[in-house]
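This report concerns only the one structure given below.
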There are 4 protein chains.
Amino acid sequence: MRYFVGELSTSVEAACRWRRRKEERPAEIVSAALEVFTDKGFALCKLDEVAKRAGISKGTLYLYFENKEALFKAVVNKFVLPQIEQAEEKAALHKGSKQVLLRELTEQWRLNILETGLSGIPKIMISEASNFPELATFYLENVIKRVRSFISQLITQGVAEGEFRQCDGELAARAFLAPLVFAAIWEHSLAPFDDDYDRNAYINTQLDIFIHGIMKGKQE
Amino acid sequence: MRYFVGELSTSVEAACRWRRRKEERPAEIVSAALEVFTDKGFALCKLDEVAKRAGISKGTLYLYFENKEALFKAVVNKFVLPQIEQAEEKAALHKGSKQVLLRELTEQWRLNILETGLSGIPKIMISEASNFPELATFYLENVIKRVRSFISQLITQGVAEGEFRQCDGELAARAFLAPLVFAAIWEHSLAPFDDDYDRNAYINTQLDIFIHGIMKGKQE
Amino acid sequence: MRYFVGELSTSVEAACRWRRRKEERPAEIVSAALEVFTDKGFALCKLDEVAKRAGISKGTLYLYFENKEALFKAVVNKFVLPQIEQAEEKAALHKGSKQVLLRELTEQWRLNILETGLSGIPKIMISEASNFPELATFYLENVIKRVRSFISQLITQGVAEGEFRQCDGELAARAFLAPLVFAAIWEHSLAPFDDDYDRNAYINTQLDIFIHGIMKGKQE
Amino acid sequence: MRYFVGELSTSVEAACRWRRRKEERPAEIVSAALEVFTDKGFALCKLDEVAKRAGISKGTLYLYFENKEALFKAVVNKFVLPQIEQAEEKAALHKGSKQVLLRELTEQWRLNILETGLSGIPKIMISEASNFPELATFYLENVIKRVRSFISQLITQGVAEGEFRQCDGELAARAFLAPLVFAAIWEHSLAPFDDDYDRNAYINTQLDIFIHGIMKGKQE
DNA sequence: TATGAATGAGACTTCATTCAT
DNA sequence: AATGAATGAAGTCTCATTCAT
């Protein structure tokens with residue numbers, strides 16, 4: 001798998017080795033680490049392999065990251081926050097039907113998360129949360145709750161505007177988000193073995209049912 | 001965390017070591033292992049700790065399980081299959097509204113999985129699938145597909161009987177199951193840090209929205 | 001390989017299990033141990049396997065032998081001393097040509113040692129001498145020196161009687177014995193891989209050359 | 001015991017740890033391993049001790065050798081083949097009396113093998129052959145048969161040239177070599193306990209008797 | 001800055017030995 | 001007397017981390 005996140009590439013551009021500058025290194029390392037953490041989990045991610053994929057030596061890792069845990073945190077921080085900002089922005093700018101907005105956010109998730117290596121992040125967080133309480137807290141507060149919060153508002157508004165049925169915004173937000181997160185997790189766990197799995201069909205179905213489930217009028 | 005699975009308890013009752021209990025040992029060990037695997041994941045689960053929790057010595061583990069991987073497989077096998085059989089039975093015996101059956105199955109999941117340590121199993125499988133392809137395949141075929149299959153049939157019947165909207169049974173089954181699995185995973189990852197999380201409220205909301213989402217008539 | 005030493009058999013006569021009496025046990029165990037020590041060496045000889053071959057449980061071993069080392073010593077003691085006595089007797093009774101006696105002793109070695117599992121003993125002693133100094137000393141004093149001593153006398157007499165060339169008895173005895181011992185060692189090390197090896201042809205050649213080498217007259 | 005093999009010394013000269021010496025390491029490790037394997041055999045050779053004697057840490061061993069078995073093979077390969085080549089060369093260059101050549105080869109064995117730690121190699125092979133069939137085969141084919149082969153030719157030539165009695169070259173070669181190998185084995189097994197043992201006297205006697213034994217004419 | 005050889009704590013696993021039954 | 005479940009010390013091997021170069 002190759003991840004293109006922003007303008008980063010984890011491939012080692014051997015041709016331009018000499019052009020590598022100090023500023024690019026951390027990003028390359030973190031991208032390489034994302035791959036390995038995602039594939040193997042925290043414990044089985046060997047720094048030897050991260051270094052190899054980043055095209056550097058193991059020792060060099062320690063010039064940029066204090067230890068394995070710091071690298072792990074960097075991975076989470078680096079890739080997650082920009083996504084949230086983007087989503088919040090989109091929501092803030094949106095006018096009109098909330099249903100449409102939910103569809104758009106779902107689409108964004110599909111494009112930016114599921115179809116890139118970023119879906120590995122939720123998988124790691126789930127797997128490692130109990131081993132990294134501090135990180136888990138950080139992630140919960142700064143990622144999950146933030147997203148949940150504006151989804152909640154959005155739904156509450158939808159209810160107020162008569163678009164959605166009466167319901168608790170927080171809980172409905174959870175119900176909206178859980179399947180999205182699940183899709184990301186699935187991608188990096190059992191999907192590779194699940195031949196029948198069709199990411200898009202699944203996402204569409206979930207979204208459809210959710211929308212049907214909270215819309216006020218009948219849509220048949 | 002304490003798990004009560006059937007009548008097993010992982011607490012160490014034996015004041016005296018050197019008690020011969022060939023019969024009970026495997027069950028005790030597997031229960032202890034479930035706890036540790038669930039908390040720590042495969043790699044960080046130390047057999048020392050499993051042994052301690054099972055009230056035996058490390059060496060004794062190897063009288064019953066060839067190695068760590070075998071123990072892991074035993075954990076998965078032991079706790080999962082009975083649950084499926086129970087669910088299949090319930091579905092087979094059920095007559096009448098499919099909606100009611102889905103509610104009952106959800107309730108069963110809540111009681112037997114979420115409120116026991118068994119919710120740890122999906123968490124382990126998600127975390128370790130890529131490291132244990134063989135086990136992943138087994139789990140997918142013998143657990144997930146089996147469940148998905150009868151849920152799919154059930155929904156298809158519901159559609160045929162005019163209870164549910166027109167929809168693809170397989171995909172709808174995925175949409176029904178994903179939030180349940182997600183709840184189990186959540187339980188063993190971020191829920192401990194997520195103070196607002198109310199398991200029952202969440203499950204109920206998801207179920208409600210799902211039912212609304214696939215029911216034919218308006219329920220308002 | 002099956003060893004028949006005296007009247008012992010290491011095979012487990014399951015049919016007559018009930019007839020096993022306390023007196024027979026040690027012999028059975030020691031015979032089983034000879035096999036395993038010979039095959040695997042001291043360290044890789046697992047008492048589990050010795051017990052299984054002896055048809056008893058591991059615990060029972062400890063009723064008869066204090067520990068692994070004691071068992072090892074028992075093996076050496078049990079099988080070696082009788083052979084020596086037999087050889088000494090033969091030499092004591094012999095009259096006439098020493099050359100003939102050497103041929104007979106060689107033949108006895110071939111029959112009693114090389115063609116039985118007893119050839120394993122020298123192999124073990126060689127392999128384990130440095131790990132068991134006490135046993136090494138015992139073996140050297142009570143086995144090797146005793147044999148060497150009467151061979152030495154025998155050769156010295158041969159010299160005195162004009163049958164053999166002038167030579168040092170001790171050294172000639174070593175020269176006579178070394179190839180015999182070597183044959184035993186070979187049997188349990190590289191012979192199984194040495195397809196061209198023909199035990200009898202080798203022994204005969206060695207003996208021939210030795211006899212030629214110390215005989216006084218020309219034999220051509 | 002100290003082994004001087006080529007210019008290597010196993011003594012730890014480096015006062016300071018953390019010296020980078022990729023070049024010398026493998027040789028030092030292998031020399032240290034020769035000592036320990038020779039003393040203790042394969043199973044009782046602790047990598048801890050090898051590391052200590054080589055003046056490195058246990059982990060460093062694994063930078064150079066995949067595992068204990070690989071180290072064992074390296075020991076055998078490293079020390080044995082050069083000796084053979086040397087012997088073959090000597091034989092190839094030799095002109096004139098075969099008897100003299102046999103004496104020279106024996107002398108070379110005494111100097112290069114018996115009086116260095118290399119005599120440990122035959123001891124190890126004998127002790128471990130049955131546990132390392134692959135290595136046993138390698139050793140037999142590439143070491144023993146090679147040596148036996150040119151000794152055999154040499155003797156056959158001696159017979160043809162009328163220097164030696166009529167005899168089978170292969171078998172005579174075995175008869176010539178066995179005592180040499182035996183001497184090596186003895187060195188690392190019972191010789192340390194055998195106070196009367198005089199290596200040189202023994203070797204000379206064996207050689208003398210062998211030469212006498214195959215020479216055509218009478219040498220008295 | 002970058003390297004990669006070196007380290008050592010710590011994990012899994014084995015097996016001689018013990019002892020309740 | 002016999003068993004075999006249980007033990008725990010000890011060994012091999014891994015890998016995050018360090019540091020001389």
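Fair warning: this is a prediction, and the values are worked out from it, not measured in the lab. Labels below follow one simple rule: chain letters A, B, ... track the order of the sequence lines, proteins then strands, and each chain is numbered from 1.
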Spacing of [atom1] belonging to [X] relative to [atom2] belonging to [Y], to within rounding of 0.5 Å:
X         : Y         : atom1 : atom2 : answer
Ile126(D) : His188(C) : CD1   : NE2   : 11.5 Å
Phe138(A) : Met125(A) : CZ    : CE    : 9.5 Å
Ile121(B) : Thr38(B)  : CD1   : OG1   : 6.5 Å
Thr60(A)  : Ile29(A)  : OG1   : CD1   : 7.5 Å

Using whole Å, what does the distance between atom C1' of nucleotide dT14(F) and atom CG of Leu63(D) come to?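 So the CG-C1' distance, Leu63(D) to dT14(F), works out to 11 Å.
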CG of Leu61(C) versus C1' of dG4(F): gap in Å, rounded?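 To the nearest whole Å, that distance equals 12 Å.
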Using a 4.0 Å heavy-atom cut-off across all strands, classify Ile56(D) as base, sugar-phosphate, or nothing.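 Sugar-phosphate contact only - Ile56(D) comes under 4.0 Å of backbone atoms but never of a base.
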Is Tyr64(D) touching bases, backbone alone, or none of the nucleic acid, heavy atoms closer than 4.0 Å?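 It contacts sugar-phosphate atoms only.
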With a 3.5 Å cut-off and sequence neighbours excluded, list the donor-acceptor pairs that the side chains of residues 68-76 of chain A form with protein atoms.
residue	atom	partner	partner atom	Å
Lys68(A)	NZ	Phe42(A)	O	2.8
Lys68(A)	NZ	Ala43(A)	O	3.3
Lys68(A)	NZ	Cys45(A)	O	3.0
Lys73(A)	NZ	Glu134(A)	OE1	2.7

As a check on the pairing definition, encode DNA chain E in dot-bracket form, counting Watson-Crick and G-U wobble pairs whose two distances are under 3.5 Å, and using | for partners outside this strand. .||||||||||||||||||||
Where protein sits on nucleotides 9-14 of chain E, one letter per nucleotide: B base, S sugar-phosphate only, - none, heavy atoms under 4.0 Å: -BSSBB
Can you tell which of dG8(E), dA5(F), dT3(E) lies closest to the side chain of Thr60(A)?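 Minimum distance to the Thr60(A) side chain belongs to dT3(E).
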Quick one: which residue pairs count as a side-chain hydrogen bond (donor to acceptor under 3.5 Å, both in side chains) with a foot in residues 41-51 of chain C, not counting sequence neighbours?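 Output for this query lists Lys40(C)-Glu49(C), Glu49(C)-Arg53(C).
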Just to confirm, is there a sub-4.0 Å distance from OP1 or OP2 of dA2(E) to any side-chain nitrogen or oxygen of Arg25(A)?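 Yes, Arg25(A) has a side-chain N/O under 4.0 Å of OP1/OP2 on dA2(E).
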With sequence neighbours left out, what residues match Thr137(A) under side chain to side chain donor-acceptor pair (under 3.5 Å)?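 If we apply the side chain to side chain donor-acceptor pair (under 3.5 Å) test to Thr137(A), skipping adjacent residues, there are no hits.
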side-chain contact (heavy atoms from CB on, under 4.5 Å) against Ser127(C), all qualifying residues, sequence neighbours excluded: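 With sequence neighbours excluded, Ser127(C) shows a side-chain contact (heavy atoms from CB on, under 4.5 Å) to Lys123(C), Ser127(D), given in chain and number order.
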